[in-house]
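Some notes on the structure that comes next.
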Amino acid sequence: MDARYDAAAAEQPIFARWEAAGVFAGRPEAGGAPFVIALPPPNVTGELHMGHALNGSIQDTLIRLRRMQGRDTLWICGTDHSGIAVHAVIEKQLRAEGLTRFDLGRERFLERVWEWRAATGATIIQQFKRLGCTLDYDHERFTMDDGYVRSVLEMFVRLYRKGWIYRDNRMINWCTTCASTISDLEVRYEHAVDTLFEVRYRIKDSDEFVTVATVRPETILADTGVAVHPDDDRYRHLVGRTAIVPLVDREVPIIADPYVKMEFGTGALKITPGHDPNDFEIGRRHGLLELSAIGYDGRMSELAGEFAGLPVGEARSKVRDALFALGLIRKEEPYEHEVGHCDRTGDRIEPLISLQWFMQMDELAAPANEAVRSGRVRFHPKTQESTYYSWMLNLRPWCVSRQLWWGHQIPVWYCPDGHQTVAIETPSACETCGSDRLERDPDVLDTWFSSALWPFATIGWPGDDERLERYYPGHVLTTARDIINLWVARMMMMGIEFMGEIPFEDVIINATIQAADGRRMSKSLGTGVDPLDLVRRFGADATRYGLLKMSSTQDVRFAEGAISEGGRFANKLWNAARFVITQADISVAAAPAGEEPADRWVRSRLAATLAEVVGLIDRYEFAAAVKVLYAFVFDFCDWYIEAAKPRLAGDDEGARRAVSANLLWTLERILALTHPMCPFVTEAIWEHLPGDRGLLMLAPFPQAVSEHRDPAAEADVRAAIDAVSQARSTPDVRLVLPQGFAAAALVRALAPRATQVVEDADAAAVVVEAAAEDPALVRARLDEQLAHARAELERARAMLANERFTTKAPAAKVDEERAKAARFATEVGELEARLRDLV
RNA sequence: GGGCGCAUAGCUCAGCUGGGAGAGCGUCCGCUUCACGCGCGGAAGGUCACAGGUUCGAGCCCUGUUGCGCCCACCA
């Protein structure tokens with residue numbers, strides 16, 4: 001064993017051995033209850049980023065711990081076809097060749113996507129292996145593989161037959177770059193400064209004008225009404241009259257609708273049902289015409305007359321100029337508001353009316369809400385439930401059709417008469433009229449539609465696969481906050497609907513790891529940190545350790561120090577093992593042996609640590625678990641191994657064997673406890689330990705033996721450690737131990753700088769003194785101790801003198817103060833006596 | 001516009017139901033090269049964002065202010 005743990009050299013061969021064990025696909029033969037996590041399927045376009053690495057570390061820690069605890073663990077593996085993202089990648093390639101996807105046509109485009117996927121689609125899964133993740137690679141799924149496509153179509157058909165999926169002409173969010181609809185959840189609102197115009201519309205058969213306010217004058221060309229509030233006295237006389245839309249001279253009705261805010265702008269609202277979601281609703285209420293002046297290409301349509309063909313932005317200023325020339329603009333002022341942008345491309349969203357497929361989720365949502373409310377599904381941290389409810393309690397129809405090619409093509413065929421035939425297999429004739437001239441809907445489904453069935457489509461739904469039976473429902477889901485509604489909520493709805501049971505019990509919402517300066521980590525900003533680079537520099541264990549330590553309920557800034565600490569931790573463990581292997585008698589069997597205070601202390605600390613770390617992981621408090629583990633491992637090294645050295649080197653063969661057995665026993669348990677978090681280094685050490693022990697990954701997880709708890713030994717050794725620590729930092733000290741102090745031998749062995757270690761019948765506790773030959777130092781130290789004791793005594797007495805404290809505080813608190821007062825009074829007395837003796 | 005969260009040592013963060021401010025890193029001092037210099041021990045360093053309030057007592061509870069972050073939302 002080298003003096004330094006070489007992660008780079010150790011990791012790959014170890015991973016190969018794990019894979020060879022063939023247990024990643026679950027192991028029902030082990031007899032334990034299933035424990036299942038579904039990996040949030042990363043985009044095929046993706047590379048492992050910090051979020052994936054954090055999430056992978058958490059999931060693998062849980063999977064490994066449960067596996068060692070005997071559970072039949074399954075970590076579902078796969079990738080998402082990510083429609084829009086893939087289109088972006090391939091269309092960019094095409095642009096470089098001077099082509100568009102339409103030049104290729106659907107079939108050739110899809111061939112090209114599959115070629116690309118064959119070449120690069122495995123990257124991110126390989127990267128999870130580098131992190132040490134024990135995903136079920138043998139059953140890797142892809143949301144576009146044949147079986148999965150079938151599952152998606154099955155879901156569509158079933159929901160269609162229930163009437164929850166339907167086709168309708170509604171207002172949708174249109175992204176001109178994507179040339180597709182996007183869902184409400186894919187719209188990101190950004191602050192924008194535009195101009196608010198007040199425009200005068202003439203009233204028909206009158207000299208009067210009505211003035212409306214708008215930030216989008218170009219939509220005037222598609223206006224089909226003017227609305228005022230029913231209670232607005234300023235306009236009451238106009239309701240029912242006709243206004244004339246400027247530039248196009250269209251006659252439109254003036255209507256009254258309570259949606260209009262009297263106090264905003266002029267109190268009169270132009271209605272453009274074709275280009276504004278509110279106006280759309282108002283238009284539907286009043287039966288207004290739905291006109292469209294903007295096309296899917298983001299340019300003005302024929303309806304725009306002289307402005308036809310102009311991009312929207314350009315049309316806006318041209319229309320403004322035309323209105324101004326006619327003297328119809330009454331006012332222009334800067335106006336700040338939030339404008340919807342495409343989450344993927346950043347383009348301004350164009351609200352348009354379009355014939356699309358929608359999904360209505362009201363009935364699906366009710367049981368999903370109930371699952372959270374009743375506590376069957378728990379969010380960690382719990383505050384994230386509000387994100388879930390805020391969306392789930394206010395659901396609107398989900399536009400599921402996308403005008404893309406890469407994705408699950410909608411399984412609906414139309415005959416020339418417009419009848420719909422819905423089927424999983426291509427039908428030969430129209431269900432309604434028998435026509436054989438069928439054409440399939442060209443659109444594909446929203447990527448999140450297929451993601452919603454990830455927990456069960458991956459393991460065989462809708463078949464009767466035994467894996468489906470065994471591994472659904474799952475247990476834990478860990479993911480990022482921004483997809484609680486896009487994904488988590490929808491999985492819950494679909495899981496309940498199609499499997500009759502929630503897909504998981506615990507939803508862990510990860511911290512977002514920000515760049516060191518607090519900005520968002522992003523490749524394009526150049527603020528990203530590549531987790532694989534960390535793996536190369538520090539090792540996978542160090543990376544996992546650091547990420548777990550950074551995991552938190554709130555967002556954290558990336559700190560490389562946490563990763564390098566993980567590297568030191570792994571090296572420390574490696575060297576502790578190296579000491580045991582080279583210095584101890586490893587022919588003895590590992591056993592909780594030795595009755596010295598140090599022996600009992602380390603076993604007691606180990607039992608406490610085991611229980612605490614497992615408890616923390618059970619509660620998903622990974623950062624705290626890592627800290628507790630770290631503290632114990634360093635205590636073990638700094639004190640138990642140090643205490644063992646003289647005993648191993650001594651002549652007492654019995655002591656030598658006992659210490660060796662105890663060292664081995666403790667080390668084995670530390671390795672098992674550490675393994676879920678730092679699997680590589682622990683497995684590497686395990687291989688060096690004597691005997692044929694198989695893989696640590698499959699070793700049974702150690703129980704915390706409560707009989708090993710020994711508060712007296714812990715207190716004694718703690719006192720010894722404190723005294724020795726003091727002695728190490730100060731030359732020429734004298735250590736005074738109480739008569740019969742249990743850990744006296746430990747103090748004598750570890751305090752080389754103490755000039756004297758003496759037992760004193762009068763000493764109440766271990767005392768560190770300056771050496772007798774320098775009374776001034778002794779005096780100074782005693783003075784310091786006395787001042788401290790006096791201050792404590794004074795504080796306790798002051799509290800007890802406060803009548804309101806003694807009457808109002810809980811009795812236990814008061815008793816505690818009394819005890820303190822008594823203790824410090826004694827200590828003050830003792831110290832004063834010592835000082836008198838010195839003089 | 002509504003909601004949620006965060007502001008604690010130079011840095012990254014802990015501080016659970018209110019009773020003497022913590023860890024790791026960094027800095028400084030000492031030790032040590034016989035498992036580990038990715039080592040050992042110690043020390044310095046904080047009016048717990050600000051202002052009020054409740055309480056015998058507040059980092060923790062309440063109100064407000066400031067600064068950050070996030071989520072939700074169709075006010076022209």
Side-chain angles (χ1 to χ4, degrees), chain A residues 1 3-5 171 184-185 187 189 196-197 212-216 219 227 259-261 263-272 276-281 335 337-338 340 351 381 383-384 386-391 394 396 481-482 484-485 512 514 516 518 520 538 542 549-550 552-562 564-565 567-583 621 623-624 627 630-631 634 637-639 641-642 645 649 721 724-731 752-753 791-792 795-796 799 802-810 813-814 816-817 820:
Chain A
M1 288 175 86
R4 181 165 297 190
Y5 169 60
M171 173 106 342
D184 293 341
L185 285 174
V187 177
Y189 287 88
L196 183 66
F197 301 91
V212 302
T214 182
V215 290
R216 301 198 60 189
T219 64
Y259 168 80
V260 181
K261 301 270 188 299
E263 65 279 9
F264 188 92
T266 60
L269 175 63
K270 73 185 204 60
I271 304 296
T272 320
D276 182 277
N278 301 309
D279 295 7
F280 176 78
E281 298 295 333
Y335 180 65
H337 61 153
E338 305 293 310
T383 50
Q384 292 300 334
S386 65
T387 305
Y388 174 81
Y389 286 130
S390 71
W391 186 69
N394 188 27
R396 285 178 300 147
R481 202 180 15 236
D482 53 348
I484 290 176
N485 298 325
T512 301
Q514 302 168 333
R520 189 180 186 76
F538 299 100
K549 197 170 171 194
M550 277 184 258
S552 156
T553 56
Q554 63 178 63
D555 294 351
V556 291
R557 294 180 178 203
F558 179 75
E560 194 173 279
S564 56
E565 181 182 311
R568 274 183 287 110
F569 176 75
N571 190 58
K572 190 74 176 170
L573 210 50
W574 174 262
N575 276 290
R578 202 159 75 98
F579 172 82
V580 172
I581 290 166
T582 58
Q583 308 294 318
E621 294 183 36
K627 284 181 191 177
Y630 178 95
F634 275 74
C637 292
D638 299 344
W639 298 105
I641 287 185
E642 291 306 317
K645 284 177 181 174
I721 287 173
V724 170
S725 297
Q726 281 296 320
R728 281 193 191 169
S729 63
T730 320
R753 299 185 72 187
E792 295 293 348
R795 177 195 297 276
M799 279 182 83
N802 182 340
E803 197 178 317
R804 285 187 283 195
F805 170 69
T806 50
T807 54
K808 294 193 176 183
K813 295 287 177 194
V814 179
E816 202 178 296
E817 285 309 315
K820 268 186 202 170

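Letters A, B, ... are given to chains in the order of the sequence lines, protein chains preceding strands, and every chain is numbered from 1.
- In this structure, the NZ atom of A:Lys572 is 13 Å from the P atom of B:G24, given to the nearest Å.
- Comparing B:G41, B:G69, B:G19 by their closest approach to the side chain of A:Trp639 singles out B:G41.
- What separates CZ of A:Phe558 from P of B:G69 is a distance of 21 Å, to the nearest Å.
- In this entry B:G24 has B:C11 as its Watson-Crick or G-U wobble partner, both defining distances falling under 3.5 Å.
- Comparing B:U17 with B:A73, their C1' atoms are spaced 36 Å from each other, to the whole Å.
- Atom-to-atom, CG of A:Leu573 to P of B:A35 comes out at 17 Å; the value is rounded to the nearest Å.
- With distances taken from any side-chain atom of A:Asn802 to the nucleotides B:A35, B:G41, B:C56, the minimum falls on B:C56.
- In this entry the distance linking OH of A:Tyr189 with P of B:C72 reads 10 Å, nearest Å.
- One donor-acceptor pair, N or O on each side, does fall under 3.5 Å between the base of B:A35 and the side chain of A:Glu642.
- Applying the Watson-Crick and G-U wobble criteria (two distances, each under 3.5 Å), B:C70 pairs with B:G3.
- A cation-pi arrangement is not found for A:Lys808 relative to A:Phe805, the charged atom failing to lie both closer than 6.0 Å to the ring centre and inside a 45° cone about the ring normal.
- Within 3.5 Å, a donor on the side chain of A:Lys645 pairs with an acceptor on the base of B:A35, or the reverse.
- The CZ atom of A:Phe569 sits 19 Å away from the P atom of B:A23 (whole-angstrom rounding).
- When rounded to the nearest whole Å, the span between CD of A:Glu263 and P of B:G1 equals 14 Å.
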Given A:Asp276 and A:Lys270, is the salt bridge (charged side-chain N to carboxylate O under 4.0 Å, His left out) satisfied, shown in steps? CA-CA 10 Å; A:Asp276 182 277; A:Lys270 73 185 204 60; over 6 Å; no
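- Residue-level contact check: A:Arg520 touches neither bases nor backbone, having no heavy atom under 4.0 Å from any strand.
- Following rounding to the nearest Å, A:Asn485 (CG) and B:A73 (C1') show an atom-to-atom distance of 13 Å.
- Candidate nucleotides B:C75, B:G69, B:A73 were compared by shortest atom distance to the side chain of A:Glu338, and B:A73 ranks first.
- Residues A:Phe634 and A:Phe569 are in side-chain contact: their nearest non-hydrogen atoms beyond the backbone lie under 4.5 Å apart.
- In the set B:G41, B:C36, B:C75, B:C75 carries the atom at the smallest distance from any side-chain atom of A:Tyr259.
- Using the Watson-Crick or G-U wobble rule with both distances under 3.5 Å, B:C50 pairs with B:G64.
- Look at A:Ser725 and you'll find a side-chain N or O under 4.0 angstrom from OP1 or OP2 of B:G42.
- B:G30 is paired with B:C40 under the Watson-Crick or G-U wobble criterion, all donor-acceptor distances under 3.5 Å.
- Annotation: side chain of A:Tyr259 is not in contact with side chain of A:Glu281 (no heavy-atom distance under 4.5 Å).
- For the pair A:Tyr335 OH and B:A76 P, the interatomic distance rounds to 3 Å; values are reported in whole Å.
- When distances run from any side-chain atom of A:Ala809 to the nucleotides B:C38, B:C56, B:G41, the shortest one goes to B:C56.
- Using Watson-Crick or G-U wobble geometry with both donor-acceptor distances under 3.5 Å, B:G57 finds no partner in any strand shown.
- Classification of the A:Phe264-A:Tyr335 ring pair by plane angle, with boundaries at 30° and 60°, yields perpendicular.
- The gap from the C1' atom of B:C4 to that of B:G10 amounts to 31 Å, rounded to the nearest Å.
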